[in-house]
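Working notes for the structure below.
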Amino acid sequence: MRFKPFAAFLHLWGGLLIGSLIVVISITGCINVFNEELFDLFHKDLVEVKAETRIPLPLSVLAEKAAQVLPEGNRITKIEIAAAADKSYVFIAQEANKKAKGITYFDQVKYFSKVYVNPYTGAVLGQVNMKYEFFNVVLQLHRYLLLKKAIGSLVTGITVLLFLLMLITGLIIWLPKKFRNFGKKLKIDFAGKFKKVNHQLHTVLGIYVWPFALLIVITGLSWSFKWWESGMLKVLGGNTRVLLANVQPVPAISPLHGIALDEALLALRDQAKGNFETIGISIPTETEKSASGYVVMRDSGDAWLGMSYFSIDHNSGAIFDKMLHQDKKTAMKWRNSNEAIHTGRIYGWPTQALAFFASFICATLPVSGFLIWLRKRKKKG
């Protein structure tokens with residue numbers, strides 16, 4: 001069998017096998033590109049507050065206000081603080097159901113809520129059950145097809161690997177025999193018949209989106225396969241993913257709270273030195289593990305997403321280990337920027353728009369490809 005016909009064979013049957021899943025993953029990918037902006041647009045009453053010149057209330061006080069509206073047994077595990085003075089503080093309560101026997105995403109979530117609090121008045125603006133919130137459900141559909149993480153990540157991972165094969169074989173099929181024919185194969189004649197236009201939409205749009213689709217695939221596979229992540233780290237000069245110390249220096253009786261929580265925020269602000277968009281604090285239920293913090297920088301000073309990570313003592317709120325963005329090797333800068341590259345958030349709305357249109361075109365390719373196969377099949381019949 002010659003190489004090009006063999007590539008066409010793989011492209012056809014691979015596409016028929018995973019086409020419907022690629023449509024789902026791509027369409028949900030389109031929505032996820034702007035999910036934060038859309039959520040904020042539909043929930044302005046929760047995320048926006050009147051900016052004031054006075055200092056926000058202590059974080060410990062705000063956390064207590066948020067905890068009071070949570071159902072009994074639910075506890076705050078993460079706090080997100082935006083640099084913008086007109087944004088509410090977000091208190092997140094989340095726990096997985098590790099003993100769940102079901103296979104769906106909903107089975108593995110014990111609870112997942114976000115409480116929005118005005119940092120100046122302490123007023124609770126509202127609570128959202130994220131377990132069933134639209135944009136979160138779309139995200140889980142995109143990542144795991146609404147299956148449990150262990151199952152869903154494997155299914156989506158295999159699907160995306162096969163899509164990578166589709167990209168490679170599609171390029172092989174498209175390549176013209178003669179260089180002078182390149183220009184012709186990059187045009188769509190919308191005046192032609194449906195059969196011709198559909199074929200050109202599949203091949204020409206496929207070529208235009210090819211480099212962007214490849215980037216989306218490369219970044220996406222890092223969540224499904226450890227061997228892929230390790231390979232990418234090695235290619236970029238690192239052997240393993242660098243992690244911070246997460247064991248308490250001195251055993252803690254209770255998770256980070258009270259004055260220690262206030263001290264932790266002060267320490268993170270001091271580390272950020274005003275150069276941040278978001279500060280986050282994670283508070284694990286297991287007190288033998290330290291709390292952790294992160295700072296998303298406004299200006300990273302390089303082409304990567306600027307993120308610094310910190311280990312925080314439950315008892316005092318002091319930082320005892322850190323991974324600053326400027327001290328990271330290229331491999332870790334890539335790993336911490338991977339999601340921002342995947343969604344296009346890395347450079348704001350221009351790259352988000354590119355990611356959106358690339359995902360949308362990827363969603364159309366299985367449809368146009370199926371129509372090409374269907375017409376050929378009817379012709380043979």
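If you check the side chains of Glu95 and Tyr111, you find a donor sitting under 3.5 Å from an acceptor. For the residue pair Asp189 / Gln200, no side-chain donor-acceptor distance below 3.5 Å is found, with atom types taken as modelled. Asn118 and Ser88 form no side-chain donor-acceptor contact under 3.5 Å, judged by distance and modelled atom types alone. Side chain to side chain, Asn136 and Tyr105 meet the donor-acceptor criterion of an N or O pair below 3.5 Å. At a cut-off of 3.5 Å, with distance as the only test, a side-chain donor of His325 or Asp302 sits close to an acceptor on the other residue.
The line from OG1 of Thr343 to CG of Asn32 is 8.5 Å long, rounded to the nearest 0.5 Å.
Around atom CD1 of Ile55, no more than 12 heavy atoms belonging to other residues, nucleotides or ligands sit under 6.0 Å away. A 6.0 Å sphere centred on CD1 of Ile103 holds no more than 12 heavy atoms belonging to other residues, nucleotides or ligands. No more than 12 heavy-atom neighbours from other residues, nucleotides or ligands sit within 6.0 angstrom of CH2 on Trp13. Within a 6.0 Å radius of NZ in Lys149, other residues, nucleotides and ligands contribute 12 heavy atoms or fewer. For His257, the NE2 atom sits in a loose shell: 12 or fewer heavy atoms of surrounding residues, nucleotides or ligands are nearer than 6.0 Å. Surrounding CD1 of Ile259 are at most 12 heavy atoms belonging to other residues, nucleotides or ligands under 6.0 Å away. Counting heavy-atom neighbours within 6.0 Å of Ile253 CD1, excluding the residue itself, gives a total of 12 or less.
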### Query
Checking ring-ring contact (aromatic ring centres under 6.0 Å, His included) for the pair Phe310/Phe320: CA distance, chi angles, key distance, verdict?
CA-CA 8 Å; Phe310 307 88; Phe320 65 90; over 10 Å; no
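Counting only heavy atoms from C-beta outward, the side chains of Lys185 and Trp174 approach each other to under 4.5 Å. You'll find the side chain of Phe39 reaches within 4.5 Å of the side chain of Glu133, heavy atoms only.
A donor-acceptor contact shorter than 3.5 Å is absent between the side chain of Lys110 and the backbone of Ala100. Although no hydrogens or angles enter the test, the distance criterion places no donor-acceptor pair under 3.5 Å between the side chain of Ser337 and the main chain of Ala340. For the pair Lys4 (side chain) and Leu175 (backbone), a donor-acceptor distance under 3.5 Å is present.
Using a cutoff of 4.0 Å between basic side-chain nitrogens and carboxylate oxygens, Glu80 and Lys78 are scored as salt-bridged.
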Listing, residues 353-369 side-chain donor-acceptor contacts under 3.5 Å, not counting sequence neighbours, or none:
unit_1, atom_1, unit_2, atom_2, d
Ser359, OG, Ala355, O, 3.0
Thr364, OG1, Ile361, O, 2.7
Ser368, OG, His202, ND1, 2.9
Ser368, OG, Thr364, O, 3.2
Ser368, OG, Leu365, O, 3.2

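In plain terms, the two heavy atoms of Pro284 and Lys289 that are nearest each other are CG-O, 3.7 Å.
Linking ILVMFWY side-chain heavy atoms closer than 4.5 Å, directly or via other members, places Ile79 and Tyr309 in two distinct hydrophobic clusters.
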